[in-house]
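Chain A is the first sequence line, chain B the second, and so forth, proteins listed ahead of strands; every chain is numbered from 1.
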2 protein chains.
Amino acid sequence: MNTKLSLDFGKIIRELRKGKDISQEELGFRSNLHRTYIGMIERGEKNITLESIEKLSKGLDVSMKLIFEKLNKIHQ
Amino acid sequence: MNTKLSLDFGKIIRELRKGKDISQEELGFRSNLHRTYIGMIERGEKNITLESIEKLSKGLDVSMKLIFEKLNKIHQ
DNA sequence: GTTCTTGCTACATACTAAAGTTAGCATTTT
DNA sequence: AAAATGCTAACTTTAGTATGTAGCAAGAAC
């Protein structure tokens, strides 16, 4: 992957995770995704699906709406 | 699939498409996705990826942010 | 009023690209 | 040194593409 979109999305996830001050592993637990997969997402290497976006949003305790509001600001 | 999330997402896409008064095939052309895939998404049968969400949003001429605002209202 | 189109959608199947999951080790950071 | 992250590689599952069939509605047409 590594498209502008996946890179921008990863940046937002990393920013939100750091804002909560938790590790990739901890976010992995909270969102039921593997820690290495979290890393791939943050690096923009994967094209995440809707279900996984929802898992991440729950793990980060934010709404998907918020994620896309942030994405809207930095993307394009 | 056919999770609550994919069903809710599909409902919003169908609603937006009908609002533009275009067919699944026409939306397929505009978003560079296959016509049958548009149908599957609207029926909640597939777990769409971020890239395809962006394609759909461009084809529908709305922002991803708007899609998730609408999703937020009906989902959960 | 029953036959032709015509357009749209549902649905089945099959293929191939890539998402999702995991393990292991290297590298960076604190 | 320990904790966190990067990175690779292998594997399973599924998204996404493609083609084809069937059904339904509306409308025109003879």
Novice: Using a 4.0 Å cut-off on heavy atoms, which residues in residues 17-36 of chain B reach DNA chain D? List them by number, or say none.
Specialist: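 Contacts with DNA chain D under 4.0 Å: B:Asn32, B:Leu33, B:His34, B:Arg35, B:Thr36.
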Novice: From CZ of A:Arg43 over to C1' of C:dT28, roughly how many Å is that when rounded to an integer?
Specialist: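 Checked: the CZ to C1' distance equals 13 Å.
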Novice: Give, ordered by number, those residues of residues 46-62 of chain B having at least one heavy-atom distance below 4.0 Å to an atom of DNA chain D; if nothing qualifies, reply none.
Specialist: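 Residues of residues 46-62 of chain B under 4.0 Å from DNA chain D: B:Lys46, B:Asn47, B:Ile48, B:Thr49, B:Ser52.
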Novice: Does B:Arg14 put a side-chain nitrogen or oxygen below 4.0 Å from OP1 or OP2 of C:dA10?
Specialist: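 So the side-chain polar atoms of B:Arg14 do come within 4.0 Å of the phosphate oxygens OP1 or OP2 of C:dA10, strictly under.
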Novice: What residues form a side-chain hydrogen bond (donor to acceptor under 3.5 Å, both in side chains) with A:Thr36, not counting sequence neighbours?
Specialist: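 Per chain and number, A:Thr36 pairs via side-chain hydrogen bond (donor to acceptor under 3.5 Å, both in side chains) with A:His34.
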Novice: Nearest whole Å is fine: how far is D:dA15 P from B:Asn2 CG?
Specialist: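 In whole Å, D:dA15 P and B:Asn2 CG are 11 Å from each other.
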Novice: If I take atom CD1 in residue B:Ile41 and atom C1' in nucleotide D:dT17, what distance separates them, rounded to the nearest angstrom?
Specialist: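 About 13 Å, once rounded to whole Å.
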Novice: Suppose the criterion is salt bridge (charged side-chain N to carboxylate O under 4.0 Å, His left out): which pairs have a residue in residues 24-39 of chain A, not counting sequence neighbours?
Specialist: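 Residue pairs passing salt bridge (charged side-chain N to carboxylate O under 4.0 Å, His left out), neighbours aside: A:Glu26-A:Arg30.
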Novice: If the condition is ring pair (Phe, Tyr, Trp, His ring centres under 6.0 Å), which residues does A:Phe68 pass it with, not counting sequence neighbours?
Specialist: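 A:Phe68 satisfies ring pair (Phe, Tyr, Trp, His ring centres under 6.0 Å) with B:Phe68 only.
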Novice: Enumerate the salt bridge (charged side-chain N to carboxylate O under 4.0 Å, His left out) contacts for residues 64-76 of chain A, please, sequence neighbours excluded, ordered by first and then second residue.
Specialist: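 Listed once each, the pairs are A:Glu15-A:Lys70.
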Novice: Measure CD/A:Glu45 against P/C:dA17 and give the value in whole Å, please.
Specialist: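 Between P of C:dA17 and CD of A:Glu45: 21 Å.
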Novice: According to side chain to side chain contact (heavy atoms under 4.5 Å, CB included), who are the partners of A:Thr49, at least two apart in sequence or on a separate chain?
Specialist: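 Checked A:Thr49 against side chain to side chain contact (heavy atoms under 4.5 Å, CB included); matches are A:Glu51, A:Ser52, B:Asn47, B:Thr49.
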Novice: Quick one: closest heavy-atom pair of A:Leu5 and A:His75, and the distance?
Specialist: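 Minimum heavy-atom contact is CA-CE1, 3.5 Å.
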Novice: Send over the distance from B:Met40 CE to C:dT9 C1', rounded to a whole Å.
Specialist: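 That distance rounds to 12 Å.
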Novice: Not counting sequence neighbours, list each pair that qualifies as a salt bridge (charged side-chain N to carboxylate O under 4.0 Å, His left out) and has a residue in residues 36-48 of chain B.
Specialist: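 Qualifying pairs, neighbours excluded: B:Arg14-B:Glu42, B:Arg17-B:Glu42, B:Arg43-B:Glu45.
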Novice: With sequence neighbours left out, write down each residue that passes side-chain hydrogen bond (donor to acceptor under 3.5 Å, both in side chains) with A:Ser31, or none if nothing qualifies.
Specialist: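 Applying side-chain hydrogen bond (donor to acceptor under 3.5 Å, both in side chains) to A:Ser31 gives none.
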